[in-house]
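So the structure is just underneath, and the comments pick up after that.
A note on names: the letters A, B, ... follow the listed sequences, proteins ahead of strands, and every chain is numbered from 1. These values consider heavy atoms only, across backbone and side chains, with no hydrogens, waters or symmetry-generated copies.
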Amino acid sequence: MILGKLIDYLKVSAHQVARKRTRVFLTALGIAIGVAAVVGTVALGEGVRYQAVEAIKDQSDLTLIEATADIREGAIQFITPAKIDELGAISHVEASSAVVREAYTTKRQTYLEVVGIDPGGIEGVIQPEFLRGENLEPGSRQAVLGHDVAETLQRYEGVRFGDTIPILVRRYDDDGMPVDEEVQFTLVGVLQERDDAFDQVMLIDRGVAQGLRGDETAFDGVLIRVDQPEEVFGVVDGVKDLGLTAKGAFQQIESVNRLMDVVVLILAFFAGVSLIVGVLMIVNTMVTSVFERTREIGITMAIGASPADVIYLILAECFYIGLIGGVLGDLLGIAFTGVINTFGKAFIIAQLGDTFSTFAEGDITLITPEILAIGMVIAIVLSLASGLYPALKAAHLNPVTAIRTGV
Amino acid sequence: METIIETRHLNKAYNDRVIALADVNLTIEKGEFIALLGRSGSGKSTLLNILGGLDAPTSGEVRIDGKNIDFSDRKSLITLRRESIGFIFQSFNLIPALTAQENVEYPLLFNYHDRTTRRERAADLLLLVGLGDRAHHYPREMSGGEQQRVAIARALVGDPLIILADEPTGNLDSKTRDEIFSLMRQVNRERDTTFLIVTHERELGKRTDRTIELLDGSVVT
Ligand SMILES: Nc1ncnc2c1ncn2[C@@H]1O[C@H](COP(=O)(O)OP(=O)(O)OP(=O)(O)O)[C@@H](O)[C@H]1O
Ligand SMILES: [Mg+2]
């Protein structure tokens, strides 16, 4: 019954609105321009966000994340064998492998960032492509070098594929004095360039690394391969639920998102200021409309309408203004983004520089159904809010004076 | 006979100065067709508005269909207007944005009637007032007399006990005025609806059951 009444009100108000087409259209245009400004700027912001995220996905190994120890409520959450199993069991984890991290120097004082990992983990998690050579043999003192570090060692120390790398491992003797022990690793593989942290890393067998450290039970992290890029953030949450920290290329996306959230909000806010003009136009139109129809409203009350009925009737008219304003606003917003894509793109790409060269391919703006829906909601809600004052004014009319004096 | 309107010591003053009604005591029977006469400013509209629950008296009592009207209870006043009273005004009575049919249906919108009932009742009443073929015309497309016919149909649509008409023929030429008057008389006879019609024209008074005349807010006897 309530719904039926609502439809009836909307029908009556549709007649009222249809009678003043031009006025309603112009008023709706006022709110539409505000909506278009919001839709356009948000679409631009979302487009830049999308392109930036795509660029990150393109240039980094997004599905590789590393879980490390974290401090929660004052207690360190270590990587224990139990945690390693739990991490491996998170859904959408394709493979995982515990690692130890070390810092060695070569005999000639080149700093080496070392990751100790099972050869199976290299295959399953890091999923490398070998420029030369092959994977480690389990338990042997062999090394696989990342692309950049391999180049450095070759240039400054003349280390070539198949050579041994003399490395100094620092130990402490019984008196606590540092002693450097020389250990030889054979270079069995060099990775192709990956454009990520592994370009700088020397991979060795995990057991060997732990043996050199003299602690067979401690782990520094777990490398995780997620099966699909879309699932990365879910897995990251799973890692955090276990009380551990997650690191990886996804963090760049997080910081882009954080930045873009703020940028989009600020842009939308300033664009939204133009909505105030639209609101004032609606208030003005509806106050005029109520004034012009004073007698009509008095008669409506005389034949049985309650003040609430009058409010609903007026608000129903505002609903149409909002609806028309929303549709027009969305259409104008889409047109606005079209203009940005055609004329603004070259300029924006030039400003952003090479890193975002991928922008050149797609549109720089992104219209989503959500943005359009938000545009509609803004228009309708603001219209209804603007109509509240005129509606209350109408409802408070005294029917006797309204009929006597009204036009 | 059944008393349908009764007023006791009805007074209405504006700003404590202008006395619009002074001790009005009326008894009107069901089905009566009454002309309310009186000079301009004698309180005719004021009386009608109070009887219809649009305005409140300064003091005194009003009984409609045996029930005392509580003028402080806004809800019951709305119910009174919806269920017992039909109003007809002098001119520009209709909602310009709505067709004749929709204007007649309009009061039922506020009174929880389903769409089919509304449509049927309005169509029947438009036939009754002789405008069956003008259902989809807008007020601006109709003459003053036709508009008042639509207003009569609209006043009847809620099946009220009483129709309060404030100079319904005031803006019409004499021929149309007679037609509208006859129509109201016909409705009165067919449906036993009580009519209280404000008019300036004494000769119309002769075509009613009874006339009530106001002078400076008091009933002339
Ligand atoms: N809102 C008001 N404020 C002050 N005085 C009012 C108000 N409404 C009516 N009056 C006064 O009350 C008296 C009766 O008015 P009312 O409208 O009932 O007269 P009427 O008989 O209908 O006159 P008319 O034939 O001109 O319509 C008049 O003197 C009028 O000036
Ligand atoms: Mg009057």
A/I299 side chain reached by B/F87 side chain, heavy atoms, under 4.5 Å: no
Taking atom CD of B/E105 and atom CG of A/D8, what is their separation to the nearest 0.5 Å? 8.5 Å
Is there a side-chain contact between B/L98 and A/K11 in this structure, where contact means two heavy atoms from C-beta onward sitting under 4.5 Å apart? no
State whether the number of non-hydrogen atoms from other residues, nucleotides or ligands found under 6.0 Å of B/F181 atom CZ is greater than 12. yes
Within-4.5 Å side-chain heavy-atom neighbours: B/R74 and A/P307: yes
For each of B/N111, B/N93, B/I85, tally heavy-atom pairs with chain A at distances under 4.5 Å, and name the one with the top tally. B/N93
Rounded at 0.5 Å granularity, tell me how far CZ in B/R82 sits from OG in A/S306. 5.0 Å
If you count heavy-atom pairs within less than 4.5 Å of chain A, which of B/S91, B/G52, B/P160, B/S45 leads? B/S91
For A/I297, is it the side chain, the backbone, both, or neither that has a heavy atom closer than 4.5 Å to a heavy atom of chain B? neither
More than 12 heavy atoms of other residues, nucleotides or ligands under 6.0 Å from CZ of A/F25: yes or no? no
Around A/K393, counting heavy atoms of other residues, nucleotides and ligands shown, do more than 12 lie under 6.0 Å from its NZ? no
Inspect the surroundings of CZ in B/R39 and state if more than 12 heavy atoms from other residues, nucleotides or ligands are less than 6.0 Å away. no
For chain A, which candidate among B/I78, B/D114, B/L54, B/V157 shows the most heavy-atom pairs at distances under 4.5 Å? B/L54
Ion pair check, B/D166 and A/R404, cut-off under 4.0 Å: no
Between the OH atom in A/Y9 and the CZ atom in B/F110, the distance rounded to the nearest 0.5 Å is 6.0 Å
Counting heavy-atom pairs under 4.5 Å with chain A, the top scorer among B/I95, B/L164, B/L77 is B/I95
For B/R81 and A/M301 the tightest heavy-atom approach is NE-O, 3.0 Å
What's the spacing between B/Y138 OH and A/R19 CZ if we round to 0.5 Å? 9.5 Å
Above 12 or not: heavy atoms from other molecules or residues under 6.0 Å from CZ of A/F343? no
Hey, are the side chains of B/R154 and A/I303 touching, using non-hydrogen atoms and a 4.5 Å cut-off? yes
